[in-house]
Amino acid sequence: MAANKVVLVMQTLDKKDLKLLDKFVRSPIYNQHEDVIRLFDYLKNALHDGNGSLSNEAIFSVLFPDQAFEVQKLHYVNSYLLKTIESYFAWKEWQDDEMENSLYLLRAYRNRKIDDQFERTYRQIEKKLFNQPYRNLQHHSLEYRLRIEQIKAESNRRGSDLHLQELSDAQDTWFAVEKLYNASTMISHQAVVKKEYDMGLLYPILDFLEDSKLMEVPAVSLYFHAFKALADLENEKDYRQLKSAIEKYRERFPQSELRSLFLAALNFCIRRNNRGEKEYLRDMFELYQLGLDSEVFLENGILSRWTFRNIVSVAIQLGEYEWTKKFIEEFSDYLAEDHRSGTVNLNLAFYYYSIGDFDNAMPMLMQADHDDILHNLFAKLLQSKMLYELDDYDALESMLQSFKTYIHRKKVIGYHRSNYLNFIKYLQKVMSVNYYDKEKMEKLKGEISGEKNIVEKEWLLQRVESM
């Protein structure tokens with residue numbers, strides 16, 4: 001019974017769900033089996049109060065006292081309960097979606113030919129749909145479905161205007177937005193999984209949209225430019241139009257949907273920046289500022305510690321030191337509590353290091369406690385750079401040895417492993433090279449310049465040049 005589907009599902013329910021499900025199970029509309037109610041009560045007490053065994057025999061004895069154990073009989077009751085819980089899940093989703101609820105009501109009036117109530121409900125839904133601020137994928141899907149209900153109702157009335165043009169326009173808009181949205185998701189995902197997707201009708205649609213009035217629709221414009229920018233790194237024009245459209249239409253989209261658009265624009269900037277085009281740092285900074293203002297980087301009120309560090313990194317690279325300090329102070333409360341202290345100390349250490357205040361940077365770094373490998377790597381990298389710039393070579397040599405051991409012990413994988421190991425290797429070469437030997441200095445400089453997999457390449461080259 002411990003692996004039973006009902007048990008697994010009920011273990012996910014919170015107190016609010018259990019309370020509502022209790023009423024649902026007892027409603028004769030959804031369940032007419034007393035055995036199902038008894039099984040629900042027993043499992044609720046066993047799973048959430050710790051009272052009762054989950055063995056088949058123990059449960060059967062409660063449901064059917066004085067009867068010989070029959071596993072098939074228990075399975076039937078269990079199956080009925082699972083179906084009732086699934087009906088509750090579907091009902092709850094429907095109940096929580098006000099617009100979906102209203103559309104089903106509209107359909108019911110149409111099917112029952114209660115015309116006056118249909119018209120009243122239709123006008124209410126239409127007003128609500130167009131008065132709400134969002135013009136996202138869900139909005140266009142709802143408008144299309146609303147137009148379908150209108151057509152079906154009017155087709156039964158002799159001489160009615162069927163509003164077919166409105167239906168066609170709504171369908172085109174909904175389909176274009178949905179196709180572009182999915183295509184943007186696919187193009188982002190295929191870069192991660194190294195898989196080519198068949199985009200189907202997408203490219204004829206892109207050609208059609210290029211000079212279409214549909215480009216005036218915010219969602220069409222945004223996802224059109226997002227896809228084209230993601231699909232072609234050289235596509236500066238569409239990236240610029242995407243960034244401009246985000247700034248213009250950001251209040252027309254809910255945070256979850258807007259976040260994906262910000263990430264598409266940021267992804268373009270990151271890839272161009274990684275090619276050495278540092279002018280995109282300013283774009284990234286502006287997008288991060290706009291995103292923070294729109295709260296799109298918050299998920300359930302939490303700002304990811306990795307996003308936090310990315311923002312700090314971009315701001316510091318641009319020399320926005322005052323803004324960085326203010327950001328750390330103002331947004332630290334949005335970090336998850338169990339990571340807050342370590343993340344704040346690490347980023348403060350980075351800030352103080354960047355302005356040359358090593359006296360404050362090193363203690364902050366020592367206080368930074370990280371359970372994330374990438375944050376730990378960054379902390380060790382920062383400490384190595386500080387020790388070098390403080391000319392504390394004995395401590396640095398020891399630090400680099402422990403750094404290397406950490407990478408091997410933690411089995412750091414992928415490009416991170418080679419990036420950091422190469423940093424260690426070349427920093428040791430910088431420490432040991434005879435800087436009076438110009439030939440060796442030039443050779444070392446060439447080796448670092450030619451190394452593709454390395455962090456802090458520019459910093460290492462600056463050290464060589466300064467020698």
Side-chain angles (χ1 to χ4, degrees), residues 270 273-274 278 281-282 284-285 288-289 292 303-332 335 339-404 406-407 412 416 419-431 448 454-467:
I270 290 167
N273 179 65
N274 289 343
K278 298 303 179 185
L281 281 170
R282 179 58 60 181
M284 292 166 66
F285 183 59
Y288 277 130
Q289 285 181 305
L292 290 170
L303 179 62
S304 156
R305 52 183 164 157
W306 297 284
T307 301
F308 191 95
R309 189 167 81 80
N310 288 342
I311 293 172
V312 168
S313 177
V314 169
I316 283 178
Q317 289 180 72
L318 289 170
E320 297 281 354
Y321 301 121
E322 185 177 339
W323 186 92
T324 302
K325 183 74 182 308
K326 187 178 180 182
F327 165 77
I328 294 172
E329 292 169 349
E330 291 184 357
F331 282 86
S332 60
L335 292 163
H339 301 304
R340 186 176 301 155
S341 177
T343 301
V344 169
N345 287 333
L346 176 63
N347 284 280
L348 278 175
F350 186 27
Y351 161 76
Y352 284 122
Y353 164 80
S354 300
I355 63 172
D357 185 353
F358 294 178
D359 289 341
N360 275 313
M362 194 65 83
M364 284 290 176
L365 202 56
M366 295 301 101
Q367 294 173 40
D369 180 26
H370 315 291
D371 59 359
D372 176 70
I373 288 178
L374 294 182
H375 276 189
N376 244 323
L377 290 170
F378 179 72
K380 293 179 184 301
L381 179 79
L382 196 56
Q383 187 177 358
S384 301
K385 290 167 64 178
M386 274 194 281
L387 289 173
Y388 179 88
E389 293 181 32
L390 289 168
D391 296 328
D392 193 347
Y393 293 153
D394 290 338
L396 176 57
E397 187 59 49
S398 176
M399 172 69 212
L400 293 177
Q401 290 300 326
S402 68
F403 196 174
K404 191 185 299 184
Y406 176 84
I407 292 171
V412 177
H416 295 298
N419 278 348
Y420 283 95
L421 286 175
N422 281 330
F423 170 81
I424 294 169
K425 179 178 78 173
Y426 285 111
L427 183 52
Q428 287 174 324
K429 286 189 175 186
V430 170
M431 291 164 58
I448 296 172
I454 188 170
V455 292
E456 295 292 347
K457 179 187 285 190
E458 290 184 12
W459 182 85
L460 286 166
L461 289 171
Q462 288 171 4
R463 304 289 81 74
V464 175
E465 290 170 358
S466 66
M467 293 169 66

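In this text, all values refer to a predicted model and were calculated from it rather than measured experimentally.
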Separation of Phe331 CZ from Thr343 OG1 (nearest 0.5 Å):
15.0 Å
Taking C-beta and beyond as the side chain, do Leu346 and Leu365 meet within less than 4.5 Å on heavy atoms?
yes
Residue set satisfying side chain to side chain donor-acceptor pair (under 3.5 Å) with Trp323, at least two apart, ordered chain then number -> none
Looking at every non-hydrogen atom in both residues, tell me the closest pair between Met386 and Ala361 and how far apart they are.
SD-CB, 3.6 Å
Hey, what do you get for CG (Leu387) to CG (Asp392), rounding to the nearest 0.5 Å?
5.5 Å
I'd like to check Ile270 versus Asn274 (side-chain heavy atoms, cut-off strictly below 4.5 Å). Are they in contact?
yes
Can you list everything that forms a side chain to side chain donor-acceptor pair (under 3.5 Å) with Glu330? Sequence neighbours excluded, please.
none
Name all pairs fulfilling the salt bridge (charged side-chain N to carboxylate O under 4.0 Å, His left out) condition that reach into residues 345-360, sequence neighbours left out, sorted by first residue then second.
none
Interatomic spacing from CG in Leu382 to CG in Leu377 - rounded to 0.5 Å
12.5 Å
Does Phe358 have any ring pair (Phe, Tyr, Trp, His ring centres under 6.0 Å) partners at least two apart in sequence or in another chain, and if so, which?
Tyr353
Set of side chain to side chain donor-acceptor pair (under 3.5 Å) partners for Gln289, sequence neighbours left out:
none
Any side-chain heavy-atom pair of Phe378 and Val455 under 4.5 Å:
no
Excluding sequence neighbours, so at least two apart, what forms salt bridge (Lys or Arg N to Asp or Glu O under 4.0 Å) with Glu465?
Lys445
Pairwise distance CZ(Arg309) to CG(Leu374) - rounded to 0.5 angstrom:
7.5 Å
Partner set under salt bridge (Lys or Arg N to Asp or Glu O under 4.0 Å) for Lys278, not counting sequence neighbours
none
What verdict does the side-chain contact (heavy atoms from CB on, under 4.5 Å) test give for Tyr288 and Asn310, after you've listed the backbone C-alpha separation in whole Å, the side-chain angles of each residue and the deciding distance to 0.1 Å?
CA-CA 9 Å; Tyr288 277 130; Asn310 288 342; 3.6 Å; yes
Is a side-chain N or O of Arg305 found less than 3.5 angstrom from the main chain of Leu335, in a donor-acceptor match?
no
Taking the side chain as every heavy atom from C-beta outward, state whether Leu396 and Leu390 have any atom pair closer than 4.5 Å.
no
Walk me through it: do Tyr351 and Val312 pass the test side-chain contact (heavy atoms from CB on, under 4.5 Å)?
CA-CA 8 Å; Tyr351 161 76; Val312 168; 5.6 Å; no
At their closest point, which heavy atom of Ile454 faces which heavy atom of Phe423, and how far apart are they?
CG1-N, 3.9 Å
Which residue pairs pass the salt bridge (charged side-chain N to carboxylate O under 4.0 Å, His left out) test with at least one member in residues 376-385, sequence neighbours excluded?
Lys385-Glu456
With no hydrogens and no angle check, do the side chains of Gln462 and Ser466 hold a donor and an acceptor under 3.5 Å apart?
no
When you look at Glu329 and Lys325, which way does the salt bridge (Lys or Arg N to Asp or Glu O under 4.0 Å) test go after all the steps?
CA-CA 6 Å; Glu329 292 169 349; Lys325 183 74 182 308; 3.5 Å; yes
Output all residues satisfying side chain to side chain contact (heavy atoms under 4.5 Å, CB included) with Arg282, sequence neighbours left out; order by chain, then residue number.
Phe285, Glu286, Leu318, Glu320
Report yes if some heavy atom in the side chain of Leu292 is under 4.5 Å from a heavy atom in the side chain of Phe327; otherwise report no.
yes
Looking at NE2 of His339 and CH2 of Trp306, how far apart are the two atoms once the value is rounded to the nearest 0.5 Å?
6.0 Å
With a 3.5 Å cut-off and sequence neighbours excluded, list the donor-acceptor pairs that the side chains of residues 397-404 form with protein atoms.
unit_1 : atom_1 : unit_2 : atom_2 : d
Glu397 : OE2    : Gln401 : NE2    : 3.3
Glu397 : OE2    : Gln428 : NE2    : 3.2
Ser402 : OG     : Met399 : O      : 2.8

So which heavy atom on Asn347 is nearest to which on Ile328, and how close?
O-CD1, 3.7 Å
Search all heavy atoms of Tyr406 against all heavy atoms of Ile373 and return the closest pair with its distance.
OH-CA, 3.7 Å
Beyond-backbone contact of Ile424 with Ile407, side-chain heavy atoms, under 4.5 angstrom:
yes
With sequence neighbours excluded, what pairs up with Glu389 under the salt bridge (Lys or Arg N to Asp or Glu O under 4.0 Å) test?
none
Salt bridge (Lys or Arg N to Asp or Glu O under 4.0 Å) partners for Lys457, two or more places apart:
none
